[in-house]
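Working notes for the structure below.
Everything quoted here is computed from the prediction, not taken from an experiment. All heavy atoms count here, side chains included; hydrogens, waters and symmetry mates do not. Reminder, nothing fancy here: chain letters follow the sequence lines and each chain counts from 1.
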Amino acid sequence: MTKPQPVRGTQDIIGEDARRHHHVIETARRVAGLYGAAEWATPVFELTSVFARNLGETSDVVTKEMYTFEDRSGESVTLRPEGTAGVCRALVSNGLTQTLPQKIFYQGPMFRYERPQKGRYRQFHQIGLEIIGAAEPLADAEAIACGQQILDELGVGASITLHINTLGDRDSRDAYRTALVDYLSRYESELSAESKVRLVKNPLRILDTKDANDIRLLADAPRIHDHLNPASAAFYDGLKAALSAFGIAFVENPRIVRGFDYYNHTAFEFVSTALGAQGTVLGGGRYDQLVEQMGGPPTPGVGWAAGIERLAMLLAATPATPRPVAVIPMGEAEQIAAIEILATLRRAGIAAEVAYRGNMKKRLERANRINARAAVLIGPDELARGAVTLKTLDDGAQRELPRAELLAALG
RNA sequence: GCGGACGUAGCUCAGCUGGUAGAGCGCCAGGUUGUGGUCCUGGAUGUCGUGGGUUCGAGCCCCAUCGUUCGCCCCA
């Protein structure tokens, strides 16, 4: 038997996975609301230029990793690889650059055309937060605090450490890049193959190398903090002060970098100590050039995103679902009474189920399987007396009571 | 995109140097025609990922393909 398969790198989220997934989203949505964020839903695909223009046409990201195709009119469209670009596009499209700041929460599927691995799918899901229109480090601190609170409320915060860094403003960053290239060029022959390529293409990312010898060479490399101009240094100090005031613990990690030019100042990652070397569960930073690159007015922004699948994996336990009440008519004659009781319970906010068929034994088995807390039994005797038998399934105790008292008994 | 490993029942897996499939769990039925979770008895389920090849004979060997997984590249 050949069963139909989902497209490579996609997965069905069902059962326990679905409950964990929803729990992550609901927790994040609720906490983001506490920070004043409104939830946006932007399209899952955009014109390719929305993503490509900002990333550089030649990077691997564009040529290799985007889910891009032509629609029937020959337009090149791309399934969104991340959420920030679409949110910034929407901000500009809707003229919201006149109404700043905006705090935006989003959640949904993202797509990258990569080789699938465990926890890395071609369709995956993210939650994200953006604060657009605030140039102050307080916005960065709020975004980070929101991320921290979500992780805490998910119960995964304990095994996670916040790493922060600054890239400085454009001048600071350019000065640092020059200094870093100067230094590393002297050791070019000793660098790993990948780092040699990065030295030309994207030198800051060498700081993120895994090669032991590269790491040794980097020990004496110039540091970003020595190249920050006064304004950038003040911004970074402001961030750290605000984080401390929010009660957020962090470590400074100069190896956290971002590859694209629209990033500046703050870069941060929440790293799980439980998941090995690649344990980033939530990451983000400041992107003061992005909205302008998108065709809007110069508008600062800061935000983060986190993979829902990875967070769901970290949850200690699957969130419990409410236990329903099983309504069990003995036969056809009691069916109508059962339906009436179902309606009463559900309108009162009590989860209630009835099995579609089967004798009493079968229906009790089913009640057990759906983890019902109680069964409401109705046979000819109860029907004649206008009563029901209420059975508590955990201890098996049961008693007969008038139908009118059922709601109160289940309250 | 590159390299390694793997693909047997719904799930987890066993299957000797090739002789045409098994366990546990789950599922269904009965023991109990007004009572579940425990127990006992019985039952169903697989073109052994797919296609081709070698062979008298392939779950097992060979090739291809699809998928999964580990690592690399990348990680917006």
Side-chain angles (χ1 to χ4, degrees), chain A residues 1-11 14-16 50-56 59-67 78 80-88 110-122 124 126 128 192-195 197-198 201-202 205 208-211 256-263 267 269 276-278 280 283-285 287 290 293 303-305 307 310 326 328-331 333-334 355 358-383 388-398 400:
Chain A
M1 175 182 55
T2 300
K3 289 175 224 170
Q5 290 180 327
V7 172
R8 175 168 213 197
T10 65
Q11 55 164 347
I14 292 174
E16 219 179 275
V50 169
F51 304 112
R53 191 195 299 164
N54 306 297
L55 299 179
S59 67
D60 266 9
V61 167
V62 174
T63 56
K64 198 170 96 180
E65 317 216 353
M66 294 209 304
Y67 226 117
T78 295
R80 62 181 182 190
E82 51 94 32
T84 306
V87 165
C88 288
M110 307 292 164
F111 305 83
R112 294 184 190 178
Y113 199 87
E114 299 178 286
R115 182 81 171 241
Q117 284 178 35
K118 189 182 184 115
R120 267 182 93 163
Y121 298 93
R122 286 184 172 178
F124 58 104
Q126 287 188 330
S192 66
E194 306 94 66
S195 290
V197 175
R198 285 171 166 174
K201 237 170 75 177
N202 202 340
R205 287 211 60 86
D208 202 26
T209 185
K210 285 171 211 153
D211 185 90
I256 293 182
V257 292
R258 290 284 114 106
F260 296 112
D261 283 342
Y262 57 76
Y263 283 109
E269 294 180 0
Q278 296 190 344
T280 299
Y287 47 85
L290 182 56
Q293 281 186 29
W304 53 256
R310 189 166 280 188
I328 302 182
M330 271 194 56
E334 295 82 27
N359 58 24
M360 192 174 204
K361 178 185 167 72
K362 288 275 160 278
R363 292 183 195 225
L364 269 166
E365 279 173 4
R366 177 175 158 75
N368 213 55
R369 213 176 311 137
I370 64 175
N371 195 29
R373 61 184 166 118
V376 176
L377 309 174
I378 321 153
D381 297 347
E382 286 88 346
L383 196 60
V388 295
T389 293
L390 179 61
K391 182 183 181 72
T392 313
L393 288 174
D394 287 338
D395 60 11
Q398 65 182 59
E400 189 173 305

### Message
Among residues 366-379 of chain A, which ones have heavy-atom contacts with RNA chain B below 4.0 Å?
### Response
N368(A), R369(A), L377(A)
Mind checking [X] for me? I need base, sugar-phosphate or nothing, with any heavy atom below 4.0 Å counting as a touch.
{"X": "D208(A)", "value": "nothing"}
{"X": "Q5(A)", "value": "sugar-phosphate"}
{"X": "N359(A)", "value": "nothing"}
{"X": "K362(A)", "value": "sugar-phosphate"}
{"X": "G86(A)", "value": "nothing"}
{"X": "E194(A)", "value": "sugar-phosphate"}

[X] has an atom [atom1]; how far is it from atom [atom2] of [N], in whole Å?
{"X": "E365(A)", "N": "rG36(B)", "atom1": "CD", "atom2": "C1'", "answer": "7 Å"}
{"X": "L290(A)", "N": "rA76(B)", "atom1": "CG", "atom2": "C1'", "answer": "10 Å"}
{"X": "Q117(A)", "N": "rG4(B)", "atom1": "CD", "atom2": "C1'", "answer": "13 Å"}
{"X": "I328(A)", "N": "rG37(B)", "atom1": "CD1", "atom2": "P", "answer": "12 Å"}
{"X": "E400(A)", "N": "rU35(B)", "atom1": "CD", "atom2": "C1'", "answer": "14 Å"}
{"X": "N202(A)", "N": "rC73(B)", "atom1": "CG", "atom2": "C1'", "answer": "14 Å"}
{"X": "K391(A)", "N": "rG37(B)", "atom1": "NZ", "atom2": "P", "answer": "11 Å"}

### Message
Dot-bracket, 5' to 3', for RNA chain B please: Watson-Crick or G-U pairs under 3.5 Å, [ ] where pairs cross earlier ones, | where the partner sits on another strand, dots elsewhere.
### Response
(((((((..((((.....[..)))).(((((.......))))).....(((((..]....))))))))))))....
#### Entry: Closest to the M330(A) side chain, choosing from rA76(B), rC73(B), rG34(B)
rG34(B)
### Task
Give the nucleotide from the list rU35(B), rA76(B), rG71(B) with an atom nearest to the side chain of R115(A).
rG71(B)
Quote, to the nearest angstrom, the [atom1] distance that separates [N] from [M].
{"N": "rC66(B)", "M": "rC28(B)", "atom1": "C1'", "value": "34 Å"}
{"N": "rC40(B)", "M": "rA14(B)", "atom1": "P", "value": "27 Å"}
{"N": "rU69(B)", "M": "rA29(B)", "atom1": "P", "value": "36 Å"}
{"N": "rU45(B)", "M": "rG26(B)", "atom1": "C1'", "value": "12 Å"}
{"N": "rG57(B)", "M": "rG19(B)", "atom1": "P", "value": "14 Å"}
{"N": "rG10(B)", "M": "rC72(B)", "atom1": "C1'", "value": "36 Å"}
{"N": "rG15(B)", "M": "rC6(B)", "atom1": "P", "value": "13 Å"}
{"N": "rG4(B)", "M": "rG43(B)", "atom1": "P", "value": "47 Å"}

### Query
Is R122(A) positioned over the aromatic face of F111(A), cation under 6.0 angstrom from the ring centre and no more than 45 degrees off axis?
no
Are any non-hydrogen side-chain atoms of [X] and [Y] less than 4.5 angstrom apart?
{"X": "L364(A)", "Y": "L393(A)", "answer": "yes"}
{"X": "F124(A)", "Y": "R310(A)", "answer": "no"}
{"X": "K362(A)", "Y": "N359(A)", "answer": "yes"}

### Message
Under a 3.5 Å threshold, yes or no: a donor from one side chain and an acceptor from the other, between E382(A) and T389(A)?
### Response
yes
### Query
When rounded to the nearest 0.5 angstrom, what distance separates CZ in R363(A) from CD1 in I328(A)?
7.5 Å
#### Entry: Approximate separation, where rounding is to 0.5 Å, of E65(A) CD and T78(A) OG1
13.0 Å
### Query
Starting at the 5' end of RNA chain B, which residue's closest nucleotide do you reach first, R205(A) or V7(A)?
V7(A)
## Note on the structure
Closest to the 5' end of RNA chain B, once M66(A) and R122(A) are matched to their nearest nucleotides, is R122(A)
### Message
Strictly distance-based, threshold 3.5 Å: is any side-chain N or O of R8(A) a donor or acceptor partner for the main-chain N or O of R115(A)?
### Response
no
So for [X] and [N], does any side-chain atom that can act as donor or acceptor lie under 3.5 Å from a complementary atom in the base?
{"X": "K361(A)", "N": "rU35(B)", "value": "no"}
{"X": "E382(A)", "N": "rG34(B)", "value": "yes"}
{"X": "R258(A)", "N": "rA76(B)", "value": "no"}

### Query
Looking only at heavy atoms, which two atoms of K391(A) and G396(A) are closest? And how far apart?
NZ-O, 3.3 Å
### Task
Could you tell me whether the phosphate oxygens of rC74(B), OP1 or OP2, come under 4.0 Å of any side-chain nitrogen or oxygen in R198(A)?
yes
